[in-house]
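Read through the structure below, which is laid out as structure tokens, and then see the notes.
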Amino acid sequence: MTQQRVRMQAERADDGLGPTSDIGSRLRALYGAVQDEGVPDQLLDLLEKLDSAEQAQSDKSSNRGGE
């Protein structure tokens, strides 16, 4: 069973999709570019509104439980 696992890993390494392949390099570059992009202000505003709404709902539920 161990030999089969080693064979499977060797086959995967030969498929051209390893971390040093051209595709791997391009994917890393693309991911890096997306990761470096800032979060749009509009999305940040929406997230703040969502946090506020969740907090208000949580406060509302807590107040009902205390009645």
Any chance you could lay out the salt bridge (Lys or Arg N to Asp or Glu O under 4.0 Å) test for R26 and D22, step after step, and finish with the verdict?
-> CA-CA 6 Å; R26 289 180 185 198; D22 188 43; 3.3 Å; yes

More than 12 foreign heavy atoms under 6.0 Å from CG of D51: is that the case here?
->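 For D51, atom CG is crowded (more than 12 foreign heavy atoms under 6.0 Å).
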
So, Q55 and D59: side-chain donor and acceptor under 3.5 Å apart, yes or no?
->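 Yes, side-chain donor-acceptor contact under 3.5 Å.
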
[atom1]-[atom2] distance between [X] and [Y], expressed to the nearest 0.5 angstrom:
X   : Y   : atom1 : atom2 : value
K60 : N63 : NZ    : CG    : 10.5 Å
E54 : L50 : CD    : CG    : 4.0 Å
L46 : E48 : CG    : CD    : 9.5 Å

